[in-house]
Amino acid sequence: MQALRTHDRHPAAPSQTYDDLSTQFPPENMGKGLLLSEIGDDALFCVVEFKRGRSDMYFTTPEAVPARNDFVIVEADRGHDLGKVTLERISRAQLIAMIKQQENGEENSIGKKNDVYVKRVLRRATSAEVAVLVSKNQDEAKALLVCQSKIKQKQMPMQVVDAEYQWDKRKLTFYFVADRRVDFRELVRDLFKLYKTRIWM
């Protein structure tokens, strides 16, 4: 599956919740994370899961460690996302071991750990923020149908299988499969005109 970044415009925040969050954690400062070597020695790490089983590692301070199954607001691509903690209280040593395992024991893998960027857990999600997931799922289902319809109209050799909004709706990702490379630039432009947010595929 591939992703394509397009325009940087984004729709107006759908609720006061987003506005408050953006004031506390400005979206323009979100997305890159910190180098592992720059994160405090007392930091702990956790795995957060999103739609389709997509997961990533995040860091948090010892006084604000979320529990397993907690919903949390995390740093995302120029914004904020919401996911569920599936593994918590991971130490730095455990994280480095996990990185080494992913690198399949490559030579100098220990040195490479300092090149890893880790995003942060901003805070636990409120019940109102978690409730947004219901409408988010409905909007994703509608966006999937629209995209599938456009692909059929354009007779494009690809199959879109899912759609996923970033929680703050600053990005909309479509997941697709194709037997060969597909030029979907026109499709992305059409989708941007409809949704006024960054489109990834």
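- If you chain together hydrophobic residues whose side chains sit under 4.5 Å apart, Leu172 and Leu145 never meet in one group.
- Thr60 is listed as a side-chain neighbour of Pro66, based on a closest heavy-atom distance under 4.5 Å.
- Between Lys84 and Glu49 there is no salt bridge, since no side-chain N of the basic residue sits under 4.0 Å from a carboxylate O of the acidic one.
- Salt-bridge annotation for Arg170 and Asp77: absent, with no side-chain N of the basic residue lying under 4.0 Å from a carboxylate O of the acidic one.
- A donor-acceptor pair is defined here as one N or O able to donate and one able to accept, closer than 3.5 Å; such a pair exists between the side chain of Asn137 and the backbone of Leu133.
- The backbone N or O of Glu129 sits less than 3.5 Å from a side-chain atom of Trp167, completing a donor-acceptor pair.
- Atom NZ of Lys51 and atom OH of Tyr175 lie 8.0 Å apart (nearest 0.5 Å).
- Under the 4.0 Å criterion applied to side-chain N and carboxylate O atoms, Glu186 and Lys154 are assigned as salt-bridge partners.
- Side-chain atoms of Ser22 do not come within 3.5 Å of backbone N or O of Pro26 as any donor-acceptor pair.
- Side-chain contact check for His80 versus Leu122: some heavy-atom pair is nearer than 4.5 Å.
- A salt bridge does not link Asp81 to Lys171: none of the charged side-chain nitrogens sits closer than 4.0 Å to a carboxylate oxygen.
- Just one residue in the list Lys142, Gln148, Glu140 forms a side chain to side chain contact (heavy atoms under 4.5 Å, CB included) with Leu144, and that residue is Gln148.
- Put simply, the side chain of Val182 reaches to within 4.5 Å of the side chain of Met156, judged on heavy atoms.
- At least one donor-acceptor pair closer than 3.5 Å links the side chain of Arg92 to the backbone N or O of Leu36.
- Taken from CE in Met98 to CZ in Phe45, the straight-line distance is 11.0 Å, to the nearest 0.5 Å.
- A cation-pi contact, defined as under 6.0 Å to the ring centre and within 45° of the axis, links Arg54 to Phe50.
- Checking side-chain atoms of Asp183 against main-chain N and O of Arg185 turns up a donor-acceptor pair under 3.5 Å.
- Cation-pi geometry between Arg198 and Phe192 is not met: the NZ or CZ atom fails to fall both under 6.0 Å from the ring centre and inside 45° of the normal.
- Taking CG of Leu44 as the reference point, atom CD1 of Ile39 lies at 11.0 Å (rounded to 0.5 Å).
- For Thr197 (side chain) and Lys169 (main-chain N/O), a donor-acceptor pair under 3.5 Å exists by modelled atom type.
- By the rule that hydrophobic residues join a cluster once side-chain heavy atoms approach within less than 4.5 Å of another member, Val118 and Val72 end up as members of separate clusters.
- By the rule that hydrophobic residues join a cluster once side-chain heavy atoms approach within less than 4.5 Å of another member, Ile90 and Leu34 end up as members of one cluster.
- Side-chain atoms of Met57 and Leu95, non-hydrogen and from C-beta on, do get closer than 4.5 Å to each other.
- Taking the six-membered ring wherever Trp is involved, the centroid distance between the rings of Phe174 and Phe184 does not fall below 6.0 Å.
- Looking only at atom types and distance, the side chain of Glu75 has no donor-acceptor partner in the side chain of Tyr58 under 3.5 Å away.
- In this structure the side chain of Lys150 reaches within 4.5 angstrom of the side chain of Leu194, judged on heavy atoms.
- Side-chain contact between Gln24 and Arg123 is present, with at least one heavy-atom pair separated by less than 4.5 Å.
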